[in-house]
Amino acid sequence: MYLWISANFQFMNVQLKTTLYKSPVGELILGDFNNQLCLCDWRYRKMRQEVDTRILKGLNAEFIEQPTALLAETQKQLAAYFNKKLTVFDLPLLFVGTDFQQSVWKALQQIEYGKTMTYLGLSKQLNNPKAIRAVASANGANAISIIVPCHRIIGSNQELVGYAGGLSSKKRLLELEQGNQLELF
């Protein structure tokens, strides 16, 4: 952390350390803020700017590309996940969003590997069955993809709907988890 003092003002220049990870289903940006993972998101998603702005503003930080032990561990766990050797991630997470968004992201973590849930089901789990659109919006704002498994949310008609990494990535992640034949490498 850097501290800059000028006249009567103090400015803190806090760094969010990032690296890229090329997964078998798309490129991810990983972000470490004070040894907590706050970013594992699709590099080329439509809401890239909005997500980055929310995180940087919420943490009063700036991006710097720099490897860390946490980012290396995240890459290791992601590789194990894609090799079907890991079903539950064990990483310190930092959610940057509203209280409601954070409640949705925490609920997503309760959906077991290989299972899916609808937006309505997630809304009911949060004791707010009328909040389907808000749940869907929070799901779409998730910045810790795969680890916080927003890909496990499907439409009420059991079809794949909306995913920041694209529907083909979502399909491949679900196939991987559900044990279907899938060529990743």
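Quick caveat, the model's predicted, so the values are computed rather than measured.
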Are side-chain heavy atoms of [X] and [Y] found at a separation under 4.5 Å?
X	Y	answer
Gln101	Val96	no
Ile153	Thr116	no
Phe89	Thr74	no
Leu78	Leu30	yes
Pro92	Leu70	yes
Ile147	Leu37	yes
Ile55	Phe95	no

Side-chain ([X]) to main-chain ([Y]) donor-acceptor, under 3.5 angstrom:
X	Y	result
Glu62	Gln15	no
Arg152	Ile111	yes
Gln77	Asp90	yes
Lys84	Gly179	no
Arg45	Val51	no
Arg43	Lys22	no
Asn142	Val148	yes
Gln178	Glu175	no
Asn83	Lys85	no

In Å, rounded to the nearest 0.5 Å, how long is the span from [atom1] of [X] to [atom2] of [Y]?
X	Y	atom1	atom2	result
Leu59	Leu94	CG	CG	5.5 Å
Leu122	Gln110	CG	CD	10.5 Å
Leu16	Cys38	CG	SG	4.0 Å
Phe63	Phe33	CZ	CZ	11.5 Å
Thr53	Met47	OG1	CE	10.5 Å
Asp52	Lys57	CG	NZ	14.5 Å

- Task: Answer yes or no: are there more than 12 heavy-atom neighbours, outside Asp99 itself, under 6.0 Å from its atom CG?
- Result: no
- Item | Crowding at CD, Glu112 (>12 non-hydrogen neighbours, <6.0 Å) |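 Result for CD/Glu112: open.
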- Task: Would you mind listing every ring-ring contact (aromatic ring centres under 6.0 Å, His included) that reaches into residues 113-153, with sequence neighbours excluded?
- Result: none
With a cut-off of 3.5 Å and sequence neighbours excluded, list every side-chain donor-acceptor pair involving residues 126-140.
none

Would you name the heavy atoms of [X] and [Y] that are closest together and state the gap between them?
X	Y	result
Glu27	Leu20	OE2-CD1, 3.4 Å
Arg54	Ala143	NH2-CB, 3.8 Å
Tyr163	Cys150	CE1-SG, 3.8 Å
Arg48	Trp42	NH1-O, 2.6 Å
Leu28	Ser23	CD1-CB, 4.3 Å
Gly155	Thr118	O-CG2, 3.6 Å

- Task: Using the side chain to side chain contact (heavy atoms under 4.5 Å, CB included) rule, take Leu174 and Leu160 through it: C-alpha gap first, then chi angles, then the decisive distance, then the call.
- Result: CA-CA 10 Å; Leu174 292 174; Leu160 302 185; 3.5 Å; yes
- Go through Ile144 and Leu91 one step at a time and tell me if the side chain to side chain contact (heavy atoms under 4.5 Å, CB included) criterion holds. CA-CA 11 Å; Ile144 309 177; Leu91 298 162; over 6 Å; no
- Message: Could you see if Leu39 belongs to whatever hydrophobic cluster contains Tyr44? Use Ile, Leu, Val, Met, Phe, Trp, Tyr and a side-chain cutoff under 4.5 Å.
- Response: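 They do not share one cluster, since no chain of ILVMFWY contacts under 4.5 Å joins Leu39 to Tyr44.
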- Query: Is Ile64 reachable from Leu71 through a run of I, L, V, M, F, W or Y residues, each pair having side-chain heavy atoms under 4.5 Å apart?
  - Reply: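 Different hydrophobic clusters.
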- Query: Can you list the steps and then say if Tyr81 with Leu176 is a side chain to side chain contact (heavy atoms under 4.5 Å, CB included)?
  - Reply: CA-CA 9 Å; Tyr81 166 83; Leu176 169 78; 3.5 Å; yes
- Evaluate the side chain to side chain contact (heavy atoms under 4.5 Å, CB included) criterion for residues Lys170 and Val25: first the C-alpha distance (whole Å), next the side-chain angles of each, then the deciding distance (0.1 Å), finally the verdict. CA-CA 9 Å; Lys170 182 174 189 162; Val25 297; over 6 Å; no
